[in-house]
Amino acid sequence: MLTKEEKDLLKSRIGTSILEYRNKRRKRRLGYIVSTAAAIAILVISINYTSGFYNNSSKIKDYVHTTDLDIHNNGDVKLVLNEKEEIKITESSSSITYSSTGDELDINSSKKVAQSSKNTFNTIIVPYGKRTKITLSEGTKVWLNSGSKLTYPVTFNGDKREVHLIGEAIFDVRHNAEQPFYVVTNDYDIKVLGTVFNVSSYEDDSYTSTALERGSVEIKYQGNSIFGKSRIKIKPGTLAVYNSKVKGMKTSKVDVTKYMAWRDGKFIFKKQRMDLIIKKLSRYYNVNISIESEELKSQTFSGHLDLKESIEKVIEVIKQSTDLKYKIENGKFVIN
């Protein structure tokens with residue numbers, strides 16, 4: 001039998017244990033709530049940052065997404081003014097220069113065109129087999145390769161200069177620290193102050209690339225997670241390649257000359273796969289070329305190709321140092 005004092009002591013210990021247990025449970029619940037709240041807060045901040053970063057209001061993006069200007073046209077270069085008036089340019093290589101006020105443009109130094117509205121966008125569509133050089137109203141020069149489309153404002157207002165590119169172009173950007181220049185593509189945006197670089201962003205390629213000749217650029221892109229890297233700065237002599245399928249960015253040191261050479265009528269290749277070479281030639285000459293041999297597709301070629309020559313002569317040059325054989329059927333080149 002327990003004495004009264006022993007019973008009172010046991011009762012007191014039991015009460016203390018229950019109180020300690022309840023306090024521990026309360027602390028665990030509170031810790032869980034705080035941790036969960038913190039995690040939710042981080043997630044919300046990250047989502048807000050990401051959505052704000054990638055969904056910034058852009059008039060040129062909105063314009064491009066709401067217009068239906070087909071890039072896959074064959075034939076003449078097409079300059080679209082105010083989404084209404086179309087000017088066709090028949091030359092294989094052409095030049096367009098805007099006045100500093102944007103109210104007049106010169107085509108091939110021979111045709112003057114007046115523009116009624118300066119607060120609008122123009123679009124130049126360069127089909128396969130053609131090239132065009134544009135001097136924008138603020139002085140930036142753009143060389144557009146075959147199969148490309150550039151949308152740009154007639155005059156640049158506000159705190160930034162934006163153009164939208166599909167295809168391939170070389171930019172020589174006029175320096176203006178107070179009004180940075182942006183090249184917007186479907187995969188990423190490039191910010192520059194004044195520099196020379198190449199951008200390749202064809203819709204039928206799985207990548208978008210930037211090769212920097214001089215200056216510096218910052219590329220903003222969507223990474224593969226909300227906590228992943230979302231911007232990168234590159235230096236001259238760097239190639240940045242973004243894979244849209246895996247949302248991954250890779251950089252490497254390169255000789256950027258080969259990425260600029262098409263502007264001067266040359267292709268320069270160093271151990272380039274044959275299927276990629278043929279794809280470039282097909283675009284440049286607007287000729288249907290297919291490779292039947294799977295083994296030949298992976299063969300590599302190094303050398304210079306003079307694009308002032310005919311496609312037949314260019315393929316003959318490649319043939320001299322590879323196992324390439326070809327035939328022409330109904331205007332189509334079949335390589336085996």
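Here, residue 1 is the first one in the sequence, and each next residue gets the next number. Please read all numbers here as calculations on a predicted model, not as lab measurements.
Remark: the backbone N or O of N108 is not paired with any side-chain donor or acceptor of S95 at under 3.5 angstrom. Put simply, the side chain of Q179 never gets that close to the backbone of F181: no donor and acceptor are under 3.5 Å apart. In this structure, S100 contributes its side chain and S137 its backbone to no donor-acceptor pair below 3.5 Å. A donor-acceptor pair under 3.5 Å is absent between the side-chain atoms of R231 and the main chain of Y221, judged by distance alone. Judged by distance alone, with hydrogens and angles left aside, the side-chain atoms of S209 form no donor-acceptor pair with the main-chain N or O of A240 at under 3.5 Å. Judged purely by atom type and a 3.5 angstrom limit, S94 has no side-chain atom pairing as donor or acceptor with the backbone of E91.
Residues W262 and I166 fall into different hydrophobic clusters, defined by Ile, Leu, Val, Met, Phe, Trp and Tyr side chains chained together at heavy-atom separations under 4.5 Å. V317 and I311 end up in the same hydrophobic cluster when Ile, Leu, Val, Met, Phe, Trp and Tyr side chains are linked at under 4.5 Å.
With respect to I219, the side-chain contact (heavy atoms from CB on, under 4.5 Å) criterion is satisfied by exactly one of L212, T185, T210, V199: T210. Here the rule is side-chain contact (heavy atoms from CB on, under 4.5 Å) with F171, and of V163, I190, V196 only V163 fits it.
In this model, no donor atom of one side chain and acceptor atom of the other lie less than 3.5 Å apart for E292 and S290.
A salt bridge does not link K266 with D264: every distance from a Lys NZ or Arg NE/NH1/NH2 to an Asp or Glu carboxylate oxygen is 4.0 Å or more. Ion pair D106/K133 not flagged as a salt bridge, since none of the NZ, NE, NH1 or NH2 atoms sits closer than 4.0 Å to an Asp/Glu carboxylate oxygen. K332 has no carboxylate O lying under 4.0 Å from a charged side-chain N of E329, or vice versa, which leaves the two without a salt bridge. Comment: D255 does not engage K270 in a salt bridge, judged by the lack of any side-chain N to carboxylate O separation of less than 4.0 angstrom.
Taking NZ from K325 and CG from L296, the interatomic distance works out to 11.0 Å, rounded to the nearest 0.5 Å.
Sorted by first then second residue, the salt bridge (charged side-chain N to carboxylate O under 4.0 Å, His left out) pairs that include residues 173-197, not counting sequence neighbours, are K61-D189. For residues 316-336, every residue pair satisfying the ring-ring contact (aromatic ring centres under 6.0 Å, His included) rule, not counting sequence neighbours, is listed here: Y326-F333.
Side-chain atoms of N122 and T151, non-hydrogen and from C-beta on, never get closer than 4.5 Å to each other.
Minimum heavy-atom separation, T208 to S201: OG1-OG, 3.2 Å. Across R131 and Y284, no two heavy atoms sit closer than the pair NH1-O, 2.8 Å.
Taking Ile, Leu, Val, Met, Phe, Trp and Tyr as members and joining any whose side-chain heavy atoms lie under 4.5 Å apart, directly or through other members, the hydrophobic cluster of Y207 also contains L239, V241, V254, V256, Y259.
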